[in-house]
Asker: 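Once you've had a glance at the structure underneath, I'll fire off some questions.
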Amino acid sequence: MQRTVNSTEFRRMIVGCAKMLENNRAKIDSLNVFPVPDGDTGTNMSLTLQSAVREMNACTSNRFQEICDAVSKGALKGARGNSGVISSQILRGMCSTLAEVANTFDTKVFAKALESGMKVAYGAVSVPKEGTILTVIREMSEQAGKLASKHKYFEEFLQALIEVGDKSVAGTPELLPVLKKAGVVDSGGVGLMTIMRGFLSAFTGDENAEIPTEGGSVTATSSDDFGGDNSEIINLDLGEIEFAYCTEFFVINLKQMTTLADITKLKERLMGIGDSVICIGDLDLIKVHVHTNTPGVALGYALELGELDRIKIENMLEQNREVRRKLEAEKKEMGMLAIASGEGLAEIFKDLLVDRVITGGQTMNPSAQDIADAVQKINASNVFVFPNNSNIILAAEQAKGLVTNRTIHVIPTKNVPQGIAAALQFNMEDSVPENKTNMTHAIDNVTVGQVTYAVRNTTMNGFNLQEGDIIGLDAKKILSTGTDVAETTLALIDTLKSDEHEVITLYFGSEVTEEEAAAMQDKVAEKFPECDVECLYGGQPIYYYIISLE
């Protein structure tokens, strides 16, 4: 058994986490609180770790500093949903401690890293809620120091730590009543314990360790982008250029005294005067690429090894100025980005002058990087983002740190009708603060309901549900159930409607035909003749109808 971990073994620990999450993401997804097909915690956490692994694998250095930076950066880029974002912050905090390691770390250092991860994760959430993944990481970090003093070997230490974490997960229903009512533990907490078992697998070799939860189904995530003009040039990172000259050349006819070690030394010297360094080849030919402010120095270093050929030096400052001039000439003060699932909903947002729509919602949360990339493609100084899902708001907030030359303003819309209401308030003649205030206030004027189906047998909100039952719900609880979509929809509207409501809008999903939607519109209009009733194609999955009452 091992008492210390070097950088190569740390890489194996990160890979172990990703594999363990991928192997168990369906089980974690099955722990969603509402009995609707939107359980995606495992998927979000798995994709987050996969992004961290990709970035880590792209890191050629074996120093802890570079590896930890890559893991932290990759996790944030790939963070999806609340669970993914919080997981990325836990890794970020841990890596901030482990990056200071010179050669190896022991269980005591790992315990400190866990504490750092906890602090960063709590700091990322404006209103931390106990009974979640945050509780589990906190309770583990509180015991980690004591366990590290008792257990010097990593296998024993991690096993003891997992016992603490499992106990914490088991206690989450006592802290969150909604979990207790649903008869499940917190899915994010289970995901975190899956990560811990992934760490352990790097020492035991057991990548198929049993995760203490029941199975379920998984739906793949997506973040397709619905169009937009001039995307590629707008998506360029036009930050200040640190190194002005893109310098490329070959080294040929190498001197007889040149060795392979000299090629390695050349790469190291180039890294000292620039970035984006490529220095590959052998004693016959070397290919060099470097961004530097001193191309002459780079050429001089290479001349010590042999002759130079095909020299190309480009002024990236001037290239950058040209692109900047073009973009600045076309730039507007404000733009909008919406997140929604369904072609119909995307077209509705576009008709409201929303610049871009990316796919996202239940079972398909876009990552912070997905949102940042979409914002970057909007040529506006300020971009209003409508998450349209409570599980995407945190990722949208995290995207603020990933954009350049843009200011993101997150309007905390929790569903599509709120997003549409907010977009309707946009006025190019108003200032950014005025638009933001009007959009935020518009959210409060919309009452929203959704009609879907139960994916398992359960008892909730006084209803005994069977798998396949039709259910109508608002943002917090189930309000109607039945075996017929139309009857359940009418019952839901009847429960939600108040005397102040004058307009009822139904957005019908991909499982509803136009004929069924037209019939539904007639039934609603007949039952509520005092209201204007409109039925629009949304094309959203999972939900037969999304209902807006205003």
Side-chain angles (χ1 to χ4, degrees), residues 1-21 23-24 28 45 49 52 56 62 64 67-68 71-72 75 86-87 89-122 132-172 185-186 188-213:
M1 291 192 291
Q2 290 183 227
R3 296 170 66 107
T4 60
V5 172
N6 61 31
S7 58
T8 300
E9 291 161 343
F10 176 64
R11 284 177 180 266
R12 286 205 296 266
M13 291 175 70
I14 298 298
V15 172
C17 295
K19 288 183 178 179
M20 193 68 72
L21 277 171
N23 291 341
N24 292 279
I28 302 169
M45 295 180 77
L49 264 294
M56 180 184 71
N62 218 26
F64 270 109
I67 295 172
C68 288
V71 170
S72 180
I86 293 173
S87 299
Q89 297 307 291
I90 291 173
L91 284 175
R92 176 188 171 194
M94 293 181 68
C95 285
S96 68
T97 294
L98 298 178
E100 300 175 0
V101 172
N103 298 308
T104 62
F105 63 83
D106 57 15
T107 58
K108 289 185 177 181
V109 173
F110 188 86
K112 292 179 181 178
L114 206 64
E115 182 180 4
S116 297
M118 178 271 294
K119 291 179 179 179
V120 173
Y122 265 87
T132 66
I133 184 175
L134 292 173
T135 301
V136 181
I137 185 64
R138 176 177 56 77
E139 293 186 349
M140 279 199 300
S141 67
E142 289 172 349
Q143 297 296 319
K146 297 177 182 178
L147 294 174
S149 297
K150 184 178 180 180
H151 301 288
K152 305 298 183 184
Y153 295 104
F154 265 93
E155 188 171 335
E156 295 177 350
F157 167 70
L158 289 173
Q159 287 173 339
L161 199 59
I162 287 171
E163 289 182 14
V164 173
D166 284 346
K167 183 177 179 180
S168 179
V169 170
T172 55
V185 294
D186 179 65
V190 174
L192 177 60
M193 296 319 300
T194 305
I195 289 176
M196 297 306 299
R197 285 177 167 83
F199 285 146
L200 180 60
S201 72
F203 302 95
T204 64
D206 183 8
E207 297 177 358
N208 298 305
E210 183 66 22
I211 304 299
T213 182

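We number each residue from 1, following the sequence as shown.
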Asker: Relative to the ring of F110, is the ring of F199 parallel (under 30°), tilted (30 to 60°) or perpendicular (over 60°)?
Answerer: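 The rings of F199 and F110 stand perpendicular, inter-plane angle above 60°.
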
Asker: Hey, does M20 have a side-chain heavy atom less than 4.5 Å from the side chain of I195?
Answerer: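 With C-beta onward as the side chain, the pair stays apart.
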
Asker: Ignoring hydrogens, what is the shortest heavy-atom contact between F64 and A102? Give both atom names and the distance.
Answerer: CD1-O, 4.2 Å

Asker: Inspect the contact between K167 and E163 and indicate whether a charged nitrogen and a carboxylate oxygen are less than 4.0 angstrom apart.
Answerer: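 Between K167 and E163 there is no salt bridge, as every charged N stays at least 4.0 Å from the carboxylate O atoms.
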
Asker: Mind checking the CZ-OG1 spacing from R3 to T107? Nearest 0.5 Å is all I need.
Answerer: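 Result: 8.5 Å between the selected atoms.
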
Asker: Which heavy-atom pair separates Q89 from V120 by the least distance, and what is that distance?
Answerer: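 The answer is O-CG1, 3.4 Å.
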
Asker: If I compare all heavy atoms of L200 with all of E155, which pair ends up nearest, and what's the gap?
Answerer: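 In this case the closest contact between L200 and E155 is CD1-O, 3.8 Å.
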
Asker: Could you tell me if the side chain of M45 sits less than 4.5 Å from the side chain of T194, heavy atoms only?
Answerer: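 The answer is no, as the side chains (C-beta and beyond) never meet within the 4.5 Å cut-off.
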
Asker: Tell me whether the rings of F154 and F203 are parallel (<30°), tilted (30 to 60°) or perpendicular (>60°).
Answerer: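 Answer is parallel, since the angle falls under 30°.
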
Asker: Out of T204, N23, D166, N24, which residue meets the side-chain hydrogen bond (donor to acceptor under 3.5 Å, both in side chains) rule with R197?
Answerer: D166

Asker: State whether the side chain of S168 and the backbone N or O of V164 hold a donor-acceptor pair below 3.5 Å, judged by distance alone.
Answerer: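 Not confirmed, S168 side chain does not pair with V164 backbone.
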
Asker: Contact between D186 and V169 at the side-chain level, heavy atoms closer than 4.5 Å - yes or no?
Answerer: no

Asker: Rounded to the nearest 0.5 Å, how far does SG of C68 lie from CD1 of I14?
Answerer: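 Here the interatomic distance stands at 8.0 Å.
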
Asker: If you measure from CG on L147 to CD on E156, what distance do you get to the nearest 0.5 Å?
Answerer: 11.5 Å

Asker: For K108, does the NZ atom have more than 12 heavy-atom neighbours from other residues, nucleotides or ligands under 6.0 Å away?
Answerer: no

Asker: Can you name the closest pair of heavy atoms from L49 and C17 and give their distance?
Answerer: CD1-CB, 3.9 Å

Asker: To the nearest 0.5 Å, how far apart are OG in S72 and CD1 in I90?
Answerer: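 The OG atom of S72 sits 12.5 Å away from the CD1 atom of I90.
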
Asker: Any side-chain heavy-atom pair from M193 and M140 closer than 4.5 angstrom?
Answerer: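 Of all side-chain heavy-atom pairs linking M140 with M193, at least one is under 4.5 Å.
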
Asker: OG1 of T97 to NZ of K112: how many Å apart, nearest 0.5 Å?
Answerer: 9.0 Å

Asker: Quick one, Q159 and H151 - any side-chain contact, counting heavy atoms below 4.5 Å?
Answerer: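 Not touching, per the 4.5 Å side-chain cut-off.
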
Asker: So S96 and S116, side chain to side chain donor-acceptor pair (under 3.5 Å) or not? Walk me through it.
Answerer: CA-CA 8 Å; S96 68; S116 297; 4.6 Å; no

Asker: If you measure from CD1 on I28 to CG on L192, what distance do you get to the nearest 0.5 Å?
Answerer: 10.0 Å

Asker: Taking all atoms of both residues into account, what is the closest heavy-atom pair of I67 and S7, and its distance?
Answerer: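 Minimum heavy-atom separation between I67 and S7: CD1-CB, 3.7 Å.
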
Asker: Mind running side-chain contact (heavy atoms from CB on, under 4.5 Å) on M56 and V15 for me, showing each step along the way?
Answerer: CA-CA 9 Å; M56 180 184 71; V15 172; 3.8 Å; yes

Asker: Exactly one of T132, L114, I86 should register a side-chain contact (heavy atoms from CB on, under 4.5 Å) with I137. Which one does?
Answerer: L114

Asker: Looking only at heavy atoms, what is the nearest atom pair of V71 and C95, with distance?
Answerer: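 Scanning both residues, the minimum pair turns out to be CG1-SG, 3.8 Å.
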
